[in-house]
Amino acid sequence: MRETVYVLLDLSEHLLRRWLVIHLLCGLLDVKDRFRGREKLVKAVFVAATMVFYTASNYLPAFTGLLYGNEEGMVDSRESIVPLFISLSLMLAYCLYFYGGRPGMVCYLVVTVYVLNELVMFSCHSLFVAVNGEILDLLVRWVDRGEQFVIENFMLLFNAHQILWQLSYHGVSCFLFYRAGRALGKNLMDARGELAAAQELFLAVPTVAGLCFPLLLRSIMYVYRENQAYFLMDEYPETKLLIPVISILCLLSILLSAYMLRRLSESSEKEMLLEVYQNRLEDMEEHMKDVEHLYEGIRGMRHDMKNHLADLEILLYRERRQQDFASEGAGEEIRRYLDGLCGAMEELDMKCSTGNPVTDVVVSRKMRRAEKENIPFECNFMFPENLGISAFDLSILLNNGLDNALEASKGEKSPFISLDSYTRGNMFLIEIKNAFTGELIRDKTGMSLQTKKANTSMHGLGIKNMGNCAEKYYGTLRWEKRDGEFLLVVMLQGENKNPLAIPVNVSEWRKE
């Protein structure tokens with residue numbers, strides 16, 4: 001009966017611990033699309049598979065004989081390393097199959113959660129072993145003093161104490177493991193995407209150190225020699241203090257590395273936001289300069305218009321006074337005067353009429369820049385009046401998209417830029433095409449483009465800035481290279497009360 005209770009307690013504890021492991025990993029990893037909606041089944045498969053392995057490796061003689069070389073199970077603590085690595089390998093294979101994300105990050109999270117479990121157990125083990133020894137010594141002293149109740153019920157008290165010891169030890173260690181896992185998840189929630197090599201190394205070193213220490217302890221914790229067990233803590237009493245201290249330090253190093261990475265990421269993100277706002281202010285400054293230039297020109301033309309009209313009147317009077325029509329000097333002079341006046345007026349005219357003064361200024365400024373650099377620029381962009389899309393947000397999209405197109409077209413043999421827009425229901429589509437025969441450089445995630453400039457922290461924000469604007473309108477940002485050209489597509493969702501479904505094939509939408 002006692003053995004049955006111990007087996008049930010052991011299996012229950014491992015069932016709880018494995019459920020905690022997969023529960024924590026589910027908070028850190030995203031299940032793949034084909035398994036979405038079946039998260040509970042995914043968890044159940046993991047718990048069932050690992051429990052089958054644990055039960056077989058500890059309670060089935062045939063399997064223990066195969067694993068340890070004898071049907072009695074582990075002879076010394078070193079042999080526990082084998083099932084540890086098998087269990088970890090099963091967990092890695094399981095998570096790589098069911099969960100998405102970069103394989104390196106998945107492996108790091110799985111190993112780290114496993115190491116946290118080991119470190120918490122060893123941190124608590126020494127304390128509970130010390131408490132267990134004190135209680136057993138107390139029972140022995142009571143027996144020596146002749147306490148009749150203790151003598152008559154010694155085995156009952158001993159078994160009850162062992163059960164309570166196991167329940168309290170595993171309960172406390174599982175609780176601390178859960179709290180440590182939650183702390184890790186809180187700090188790594190925003191760091192699951194792209195990480196630099198130095199950041200990955202910063203996270204990996206504490207985890208590797210934390211893994212090596214439990215492996216060392218499992219190698220030397222206890223051993224059987226001549227049918228007698230030798231325990232490390234009995235042979236070297238100072239390890240009763242050193243083991244929990246080193247385990248706690250390893251545990252804290254893992255959690256602090258994740259915390260420091262989060263703080264560094266937040267600081268870097270703030271710097272990036274400042275750079276984004278600086279870019280927006282520069283765009284606004286350019287816009288204001290263009291508007292100021294426009295109105296200064298209008299005021300100047302208005303001020304000089306009377307003088308221009310007076311000059312024209314004098315020239316016309318001189319032409320009427322000409323006696324010889326063969327002398328056409330006055331007519332030619334009038335024509336040159338009018339051409340100059342029309343040229344001055346054209347300088348104040350917008351290169352493209354989009355239906356909104358803000359986007360007029362932005363597109364016209366880019367078209368004038370393209371003319372100076374001999375880049376053909378075709379514009380078929382119209383501002384979506386009734387979709388509730390901010391002209392300022394569109395100016396961000398157009399500024400960044402057209403700047404990238406102008407930059408990419410400079411070195412091309414046949415440069416061109418094309419700007420188009422399409423509206424359907426509550427959806428607004430912007431297309432920017434430009435000549436491009438180079439190679440796209442993607443980041444580690446493959447989801448964003450990487451700048452070719454040396455200072456990546458200060459450049460390459462255009463695409464990210466455009467992505468933020470698209471997300472603001474529940475839209476998407478996509479790009480592709482095809483047939484010597486680069487295509488950037490921005491899809492935005494407006495506030496139309498009667499939205500239409502987004503077509504799966506955008507090219508079909510454009511044809512409509």
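Here, residue 1 is the first one in the sequence, and each next residue gets the next number. Everything quoted here is computed from the prediction, not taken from an experiment.
- Side-chain contact check for Q148 and E152: at least one donor-acceptor pair (N or O, by modelled atom type) lies under 3.5 Å.
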* To do: Mind running side-chain contact (heavy atoms from CB on, under 4.5 Å) on E485 and F436 for me, showing each step along the way?
  => CA-CA 5 Å; E485 68 178 25; F436 183 71; 5.9 Å; no

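- No option in L92, L88, T207, L109 other than L88 meets the side-chain contact (heavy atoms from CB on, under 4.5 Å) test with Y114.
- No more than 12 heavy-atom neighbours from other residues, nucleotides or ligands sit within 6.0 angstrom of CH2 on W142.
- Among all heavy-atom pairs drawn from C250 and G210, the shortest one is CB-CA, 4.2 Å.
- Note that R478 lies outside the cation-pi zone of F486, set by a 6.0 Å cut-off to the ring centre and a 45° limit from the axis.
- Using the six-membered ring where Trp is involved, F35 and Y97 have ring planes that are tilted, between 30° and 60° apart.
- Side chain to side chain, D30 and Y99 fail the donor-acceptor criterion of an N or O pair below 3.5 Å.
- The aromatic rings of F122 and H125 stand perpendicular to each other, their planes meeting at an angle above 60°, with 30° marking the opposite boundary.
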* Stepwise side-chain contact (heavy atoms from CB on, under 4.5 Å) test for E431 and Y422 -> CA-CA 8 Å; E431 271 192 359; Y422 308 90; 3.9 Å; yes

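- For the pair N159 (side chain) and M155 (backbone), a donor-acceptor distance under 3.5 Å is present.
- A salt bridge does not link E79 to R218: none of the charged side-chain nitrogens sits closer than 4.0 Å to a carboxylate oxygen.
- Using a distance-only test at 3.5 Å, with no hydrogens or angles considered, no donor-acceptor pair links the side chain of Y54 to the main chain of L15.
- Under the 3.5 Å distance criterion, the side-chain polar atoms of Y169 are matched with a main-chain donor or acceptor of M121.
- Counting only heavy atoms from C-beta outward, the side chains of L84 and L215 approach each other to under 4.5 Å.
- No side-chain heavy atom of P384 sits less than 4.5 Å from a side-chain heavy atom of L492.
- Atom CG of L232 and atom NZ of K240 lie 10.5 Å apart (nearest 0.5 Å).
- For Y473 (side chain) and S390 (main-chain N/O), a donor-acceptor pair under 3.5 Å exists by modelled atom type.
- A heavy-atom distance below 4.5 Å is not found between the side chains of L156 and H161.
- Side-chain contact check for L188 versus L203: some heavy-atom pair is nearer than 4.5 Å.
- For the pair V172 and F177, the minimum side-chain heavy-atom distance is 4.5 Å or more.
- From L119, atom CG reaches atom CG of L176 across 12.0 Å, with rounding to the nearest 0.5 Å.
- Scanning all heavy atoms of the two residues, the minimum distance from R182 to L24 falls at N-CD2, 3.9 Å.
- Rounding to the nearest 0.5 angstrom, the gap separating the CG atom in L8 from the OG atom in S12 is 6.0 Å.
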* To do: Before giving the answer on side-chain contact (heavy atoms from CB on, under 4.5 Å), spell out for D393 and I396 the whole-Å C-alpha distance, their side-chain angles and the decisive distance to 0.1 Å.
  => CA-CA 5 Å; D393 290 329; I396 293 174; 4.3 Å; yes

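- Atom OG of S126 is separated from atom CG of L241 by 8.5 Å, given to the nearest 0.5 angstrom.
- Salt bridge status for E13 with R17: present, with a side-chain N to carboxylate O gap under 4.0 Å.
- Taking a 6.0 Å sphere around CZ of R36, one finds it holds more than 12 heavy atoms contributed by other residues, nucleotides or ligands.
- The heavy-atom pair separating K32 from G100 by the smallest distance is CG-N, 3.6 Å.
- Contact annotation: the side chain of F202 approaches that of M260 to within less than 4.5 Å [non-hydrogen atoms, C-beta and beyond].
- Remark: the backbone N or O of V52 is not paired with any side-chain donor or acceptor of T55 at under 3.5 angstrom.
- Side-chain N or O atoms of W479 include none that pairs as donor or acceptor with a backbone N or O of V489 at under 3.5 Å.
- Pairing each heavy atom of C95 with each of L25, the nearest pair is SG-CD1, 3.7 Å.
- Side-chain contact between L477 and L488 is present, with heavy atoms from C-beta onward closer than 4.5 Å.
- For the atom pair CG (L16) and CH2 (W19), the distance works out to 8.0 Å, reported to the nearest 0.5 Å.
- In terms of modelled atom types and a separation under 3.5 Å, the side chain of N117 and the main chain of V113 share no donor-acceptor contact.
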* **Stepwise side-chain contact (heavy atoms from CB on, under 4.5 Å) test for L429 and T423** => CA-CA 6 Å; L429 184 75; T423 303; over 6 Å; no

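- Note that R18 lies outside the cation-pi zone of F46, set by a 6.0 Å cut-off to the ring centre and a 45° limit from the axis.
- Considering NZ of K43 and OH of Y94, their distance stands at 9.0 Å, rounded to 0.5 Å.
- Contact between L255 and A180 at its shortest, heavy atoms only, is CD2-O, 3.6 Å.
- Across all their heavy atoms, P244 and T239 have their closest contact at CD-O, 3.9 Å.
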* Verdict with supporting geometry, F149 and F154, ring-ring contact (aromatic ring centres under 6.0 Å, His included) -> CA-CA 8 Å; F149 177 80; F154 181 81; over 10 Å; no

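- In this structure, L394 and F428 have side chains that are in contact, with non-hydrogen atoms separated by less than 4.5 Å.
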